[in-house]
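Everything below concerns the one structure shown next.
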2 protein chains.
Amino acid sequence: MYSTTEENYLKTIYKLQIQLGTFINTNAIADGVNTKAASVTDMMKKLSEKKLLSYEKYKGVQLTEKGKKVAIETLRKHRLWETFLHNQLGFTWDAVHDIAEQLEHIQSNELVEKLDAFLGFPTHDPHGDPIPGRNGVIKESNFILLSVLQKGEKGIISGVVNHSSLFLQHLEKNKLTLGKTIAINEVSSFDLSVKAILDGKEKIQLSNEVVKNILIKKLI
Amino acid sequence: MYSTTEENYLKTIYKLQIQLGTFINTNAIADGVNTKAASVTDMMKKLSEKKLLSYEKYKGVQLTEKGKKVAIETLRKHRLWETFLHNQLGFTWDAVHDIAEQLEHIQSNELVEKLDAFLGFPTHDPHGDPIPGRNGVIKESNFILLSVLQKGEKGIISGVVNHSSLFLQHLEKNKLTLGKTIAINEVSSFDLSVKAILDGKEKIQLSNEVVKNILIKKLI
DNA sequence: CTAAATTTTTAGACTAGCCTAAAAATATTT
DNA sequence: AAATATTTTTAGGCTAGTCTAAAAATTTAG
């Protein structure tokens, strides 16, 4: 139906729209799809003609319902494939993204639905990001930043803010993986670093840079 | 490394080389990749420059070792994905081909190896075709045509000659799937149709058109 | 509120892959 | 062996997607 390139533009614009609000400017898109502003302008005209977004010269773009639907479907496929790669094939947290980036463009509705069922209808991918349902609904999670936890509180690692390989590899190396429990022992008032207990046993120390990029489900 | 299009050309030429022998002519390739002869000539020049095949004007082409390697790798990926789609996701025999045609071009060696392990290192795909090993070796199977079986002999369904959806759907509908046992009761000397017993219980009747397109492993 | 800086768009050109129509080479008939 | 038919190649052109450089619009600064 839509080319790999078109899907990538739509997905990128969708993500920017969530991050930044309404109108998305050319440079931000160029950055997101790794191309030049001139190429973006060309593509905006094309996608606009296809009614996937509304585009006004020099004003920026906004996805139409139709465009949003395609974007969310692509995001759904991406996150289902990430889940497959991590949960079934045993890829590490940081390795799944690049491969899912390719797999998300495979065309077959039947494949998506069968994959979803095979994985047990997961609600979140290996980075804790919510997986849109077949209907396109995204159940936003109530995860909070680990950095807002106070001394004595605890939570379950449920996602990340920073998705870079570097950060994900750091977490993996320190066994800070999805589902682990973290209990805060002490927050340094000097550098905001945190002393904590991982899974009830191991003493760990986390920099503020780390704790402000981990999402947790708070335990009461 | 190589584009989807290049991989498709190489895979097609490889298959033709097995079927027809050495030099493959332009029209046969055009037919295989669903394009026109003029486009094939263009691509042959390109692949020849990349040392993936040797091409002599008006004489036809032949894969180099390098080209053969790429072709076999693509075939390996195709058949592994077909196995995944059938065995894990429950796609029917005839539905797997088109999707595998897309999946075979996903680039990631790690993915291929992990998929192979996940599937338990299968030796044959859902159509009974052998899956090339990581080393590129294809273990040719000793399957024989069901049509050569005599009255009183039996075998296990292990593959097909005709890969068309129409034929595969016909088999599926008649429960003639991989692994089933067929015992020959009688071969008509009029139309070469066959009366047989399926899996030791069900009486079936098969036309010659069907039996000469089914591969079996003969039981003694 | 004008001048400078930035962003965006236009213009023109490139590559991969494909096409049609015509020309050239090869194969087949008579 | 000449005539005809078939196959293959060349020539020129198309689309999707990209790029650079220059022009136009918008935003920011003084």
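Because the structure is a prediction, the values reported are computed rather than measured. Naming convention: chains lettered A, B, ... in sequence-line order (proteins, then strands); numbering from 1 in each chain.
- Between C:dT9, D:dC19, D:dT8, one nucleotide has an atom nearer to the side chain of B:Asn25 than all others, and that is D:dT8.
- Of all heavy-atom pairs spanning A:Gln17 and A:Thr22, the tightest one is CG-O, 3.5 Å.
- Put simply, CD on B:Glu6 is 9 Å from C1' on C:dA16, counting in whole angstrom units.
- In this pair, A:Phe167 and A:His170 present their aromatic rings parallel. The plane angle is below 30°, not in the 30 to 60° band.
- In this structure, A:Trp81 and B:Phe84 have tilted ring planes: the angle between them lies in the 30° to 60° band.
- Two residues, B:Thr26 and A:Val33, neighbour DNA chain D, and the one matched to the more 5' nucleotide by heavy-atom proximity is B:Thr26.
- Surrounding NZ of B:Lys50 are more than 12 heavy atoms belonging to other residues, nucleotides or ligands, all under 6.0 Å away.
- The two residues A:Thr12 and A:Ile29 make their nearest non-hydrogen contact at CG2-O, 4.3 Å.
- Residue A:Thr35 is in sugar-phosphate contact alone, with no base atom involved, counting any heavy-atom pair closer than 4.0 Å across all strands shown.
- Separating the CG atom of A:Asp42 from the P atom of C:dT9 is a distance of 10 Å, rounded to the nearest angstrom.
- Here B:Asn27 does not reach the OP1 or OP2 of D:dT6: none of its side-chain N or O atoms lies under 4.0 Å away.
- Taking atom CE of B:Met43 as the reference point, atom C1' of D:dT9 lies 16 Å away to the nearest angstrom.
- Annotation for A:Ala71 and A:Leu10: closest pair CB-O, 3.6 Å, computed over non-hydrogen atoms.
- Salt-bridge formation is not detected for the pair B:Glu65/B:Lys51: no Lys NZ or Arg NE/NH1/NH2 atom is positioned less than 4.0 Å from an Asp or Glu carboxylate oxygen.
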Show the distances under 3.5 angstrom between N or O atoms of the protein and N or O atoms of nucleotides 1-6 of chain C.
none

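- Counting to the nearest Å, the P atom of D:dT7 and the CG atom of B:Asp31 are 11 Å from each other.
- Contact check, B:Thr5 against C:dA16: no side-chain N or O comes under 4.0 Å of OP1 or OP2.
- Of the residues in residues 9-24 of chain A, not one comes within less than 4.0 Å of DNA chain C through any heavy atom.
- When all heavy atoms are compared, the tightest approach of B:Val96 to B:His86 is CG1-N, 3.9 Å.
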Where protein sits on nucleotides 20-25 of chain C, one letter per nucleotide: B base, S sugar-phosphate only, - none, heavy atoms under 4.0 Å: B---BS

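- Annotation: cation-pi geometry satisfied between B:Lys114 and A:Phe91 (NZ/CZ under 6.0 angstrom from ring centroid, within 45° of ring axis).
- Rounded to a whole Å, the NZ atom of B:Lys59 is 13 Å from the P atom of D:dT8.
- Residues A:Glu101 and A:Glu104 meet the side-chain proximity criterion, which asks for heavy atoms closer than 4.5 Å.
- Aromatic pair B:His127/B:His97: ring centres not closer than 6.0 Å.
- Residue B:Ala37 has its side chain nearest to D:dT9 when only D:dT9, C:dT9, C:dC18 are considered.
- Between B:Lys45 and D:dT10 there is a side-chain N or O to OP1 or OP2 distance below 4.0 Å.
- In this model, the phosphate group of C:dT10 is approached by a side-chain N or O of A:Lys57 to a distance below 4.0 Å at OP1 or OP2.
- Listed pair A:Ser3 / D:dA16 fails the phosphate criterion, with no side-chain N or O lying under 4.0 Å from OP1 or OP2.
- Side-chain atoms of A:Ser188 and A:Asp191 form a donor-acceptor pair, as typed in the model, at a separation below 3.5 Å.
- The CD-P distance, from A:Glu56 to C:dT8, rounds to 14 Å in whole Å.
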